[in-house]
Number of protein chains: 2
Amino acid sequence: MRDEMKCRVCRGPLRPPERGRPPLYCSRACQARAYRSRKNPPLPAPTAPELAGRPRQIVEAVWRIAAERGLRMATVREIAAEAGVTPRVVQYHFPGKHQLLVTALQTLHRDNDRRARDRFAALRDASDPRVLLRAVLEELLPLDDRRRTSLRVMAAYYAWSLTDPALAAVFLHAGQPLEDLVATLITAAGAPPAIDPAAEADLLVGGISGLGLDLLHRRRTRADVLRVLDHHLNRILPR
Amino acid sequence: MRDEMKCRVCRGPLRPPERGRPPLYCSRACQARAYRSRKNPPLPAPTAPELAGRPRQIVEAVWRIAAERGLRMATVREIAAEAGVTPRVVQYHFPGKHQLLVTALQTLHRDNDRRARDRFAALRDASDPRVLLRAVLEELLPLDDRRRTSLRVMAAYYAWSLTDPALAAVFLHAGQPLEDLVATLITAAGAPPAIDPAAEADLLVGGISGLGLDLLHRRRTRADVLRVLDHHLNRILPR
DNA sequence: CTTTCGTGGATACGTTCGTATCACGAGGGA
DNA sequence: TCCCTCGTGATACGAACGTATCCACGAAAG
């Protein structure tokens, strides 16, 4: 029942190959038609399963390349080389490059969420809300290699997400629980009634993120950023 | 004195062409060698001349593509089509794609600077420092099509600049006069002595920029952002 | 009238991209 | 033993990329 010896598009006869793999189409034009008829981007699934093993290893290779050389250089071949596998293995575990990039962003988001939650839980019992608040905001700054990598990857993805609905959906998925958490912490830390926790939280989260981007460029120093952060913590939560 | 009928690399004989342009190399291998021996990226000039006429038109095409479809889609062919010229014309006016992208960013920076300076000069005589300060900060927000386009282009370039020294240099070139200007305005507007103008300026500029990025994603509404801005202006400059 | 020179259209070059296809080996029932 | 699936290496495909080269045309210069 195999359709050998006939072009898959026009059903015409095939020329027998002199060497190598036998041809599937009678001409480049027929092969091009078959190629074009396959380009329909399906919508990506809103959720993503937990990754482990080789898929996880490939996704982490995407992070490293995006952070060090930019998302632009994250080609399938480069990702495979960085992960120590062949391109075929990447192709086997992910239905396509776009889905791989979306999955990599989702996984990074979930990883950061989990790490922040763990740190929060570890500090929650032993510390006062002021320390907790500072820890939450510090998590946004690229103060070590892990956070610097994460922020660089996020910056690369943000630009891409402005023109890609699937990536934008990942950014918008979380809503804005971070600003709500900061506002709650400001209230819990005993801010004076003159302080508006929501407005302070909005500016703090946005401002610290922006200062973090300056830090990536070395346009500011780490001490500068931390000084600004402490100044405003002292302003919002006077001792 | 022309070296016709001989390969430009190995000086071997050329096969006469049956039709079309006569060949320059005796084989693809020789052509590949000539190609590889030409790939040395020279350092871009730190300054850029003023653009007008067709170069300006091409640079504006880069902006539109970067804003609407992403820097990733800003290929030479797309840029030429958007500018209404042939790719050859782009090639004629710019020494290469990378230099074109750098020039486009430099020109956008200078345009934004000039516009902000004009608006500042127009308001300087008739308004109090508070209105001036609000105008300066509002200029950072994507509140109309021009500013939205500009911010989207800047976001795309920022991500690219993290892995491209020539683009990073453009971002770092200005230093931080904007924060200084805001701090000066805060002082001039008569802030109470309890206010630290520099620290407020740092958080304000970073925060408003961050809120602007949220606005691009429609993660916040324009009213939200303006409410936060006015809240902090009222806090820093009580009536 | 001839000769340059700036400009740009048409097209080809080598490269690299994402993806598809084929071949094959290991493992596990029937 | 046969057959099937899973995983993977090798390689090919069409497309698009940045760039280079060949020519043609018009205006200015001689």
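Remember, it's a predicted structure, so these values are computed and weren't measured experimentally. Order of the sequence lines sets the chain letters (A, B, ...), proteins ahead of strands, with each chain counted from 1.
- To the nearest 0.5 Å, atom OG1 of residue Thr163(A) and atom CZ of residue Arg152(B) are 7.0 Å apart.
- Closest contact between the side chain of Gln91(A) and the listed nucleotides dA12(C), dA20(D), dT19(C) involves dT19(C).
- Relative ring orientation between Phe171(B) and His217(A) is described as tilted, the plane-to-plane angle lying within the 30° to 60° band.
- Rounded to whole Å, atom P of dA16(D) lies 16 Å from atom CD1 of Ile79(B).
- Remark: C1' of dT19(D) and CZ of Phe94(B) are 16 Å apart, rounded to the nearest angstrom.
- Of the candidates Arg146(B), Arg117(B), Glu139(B), Arg146(B) is the only one forming a side chain to side chain contact (heavy atoms under 4.5 Å, CB included) with Asn112(B).
- Counting to the nearest Å, the P atom of dT7(C) and the CD atom of Gln57(B) are 14 Å from each other.
- Here CD of Gln106(A) is found 9.0 Å from CG of Leu167(A). Values are rounded to the nearest 0.5 Å.
- Put simply, the side chain of Arg88(A) and the base of dT21(C) share a donor and an acceptor less than 3.5 Å apart.
- In this structure, Arg77(B) places its CZ atom 7 Å from P of dG18(D), rounding to the nearest Å.
- Side-chain proximity of Tyr92(B) to the nucleotides dG18(C), dG8(C), dT19(D) is greatest for dG8(C).
- For the OP1/OP2 pair of dG18(D) and a distance below 4.0 Å, the side-chain nitrogens and oxygens of His98(B) include no atom meeting the criterion.
- Per the geometry, CD1 belonging to Ile58(B) stands 12 Å off P belonging to dT7(C), to the nearest Å.
- In this structure, Arg54(B) places its CZ atom 16 Å from P of dG6(C), rounding to the nearest Å.
- Between the CZ atom of Arg72(B) and the P atom of dC17(C) there is a distance of 13 Å, rounded to whole Å.
- Atom CG of Leu101(A) is separated from atom C1' of dT19(C) by 15 Å (rounded to the nearest Å).
- In this model, the phosphate group of dG8(C) is not approached by any side-chain N or O of Thr86(B) to a distance below 4.0 Å at OP1 or OP2.
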